[in-house]
Amino acid sequence: QVQLMESGGGTVQAGGSLKLSCTASEFINDATCMGWFRQAPGKEREGVAKIKTRDSRTFYADSVKGRFTISQDIATNAVYLQMANLQPEDSAMYYCAADRYCRGGLSNLHKSFMNYWGKGILVTISS
């Protein structure tokens, strides 16, 4: 069973930056799509960004486009989410996830296609 572990969360002031990291316990396969999701209290879990292992193509939710950057280091089974110009509405639990064969497609950010999930890490933006 693949395990995903997030790190790098915390509290930052509005307008600030934060970088999240996710490390997988093993390499899944090069057809995988890795993604970042977030869930604020009382809200549904929503997709933020995805990256395709094979070619590093990326896709972003409109709400974060231009502010967040997803990247990967295949050699270390790591995925990153660089977040800039953070706003209070970005506050949430952030989850790393993997879609083993990218069944949902790169541009599909629905949580139902993800096979593996991390436990999440809290990001709080103070105004």
side-chain contact (heavy atoms from CB on, under 4.5 Å) for Thr69 and Tyr60? Distances and angles first, verdict last. CA-CA 8 Å; Thr69 302; Tyr60 297 91; 3.8 Å; yes

Decide yes or no on side-chain contact (heavy atoms from CB on, under 4.5 Å) for Asn29 and Thr53, but give the supporting numbers first. CA-CA 8 Å; Asn29 63 67; Thr53 300; over 6 Å; no

Quick check for you: to the nearest 0.5 Å, what is the distance between Leu18 atom CG and Leu81 atom CG? 9.0 Å

Taking the basic N atoms (NZ, or NE/NH1/NH2) and the acidic carboxylate oxygens, is any pair closer than 4.0 Å for Arg38 and Glu46? yes

Do Val2 and Val79 land in one hydrophobic cluster if side-chain heavy atoms of ILVMFWY residues count as linked below 4.5 Å? yes

Indicate if Phe37 and Ile125 have the same hydrophobic cluster label, given that clusters are the connected sets of ILVMFWY residues with side-chain heavy-atom separations under 4.5 angstrom. no

Can Tyr116 be reached from Met114 by stepping across I, L, V, M, F, W or Y side chains whose heavy atoms are under 4.5 Å apart? no

Check whether any side-chain heavy atom of Val12 sits under 4.5 Å from a side-chain heavy atom of Met83, and report yes or no. no

Check this for me: Lys43, atom NZ, are more than 12 non-hydrogen atoms of other residues, nucleotides or ligands nearer than 6.0 Å? no

Would you say the side chain of Trp36 lies within less than 4.5 Å of the side chain of Cys96, judging by non-hydrogen atoms? yes

Steps toward side-chain contact (heavy atoms from CB on, under 4.5 Å) verdict (Thr23, Thr76): CA-CA 8 Å; Thr23 302; Thr76 58; over 6 Å; no

Going through the distances and angles, do Asp90 and Arg67 end up as a side-chain contact (heavy atoms from CB on, under 4.5 Å)? CA-CA 11 Å; Asp90 294 314; Arg67 300 188 300 124; 2.8 Å; yes

Hey, what do you get for NZ (Lys52) to OG1 (Thr32), rounding to the nearest 0.5 Å? 10.0 Å

Is there a path of hydrophobic side-chain contacts, each under 4.5 Å between heavy atoms of I/L/V/M/F/W/Y residues, joining Val48 to Phe59? no

Hydrogens and angles aside, do Ser56 and Gln72 bring a side-chain donor and acceptor to less than 3.5 Å of each other? yes

Taking the side chain from Glu6 and the backbone from Gly120, do they hold a donor-acceptor pair closer than 3.5 Å? yes

Do the ring planes of Phe68 and Tyr94 sit parallel (below 30°), tilted (30 to 60°) or perpendicular (above 60°)? tilted

Between atom CG of Leu109 and atom CG of Asp62, what is the distance when rounded to the nearest 0.5 Å? 9.5 Å

Grouping I, L, V, M, F, W and Y whenever their side-chain heavy atoms are under 4.5 Å apart, do Tyr95 and Ile121 come out in a common cluster? no

Is the backbone of Phe113 close enough, under 3.5 Å, to the side chain of Arg103 for a donor and an acceptor to pair up by distance? yes

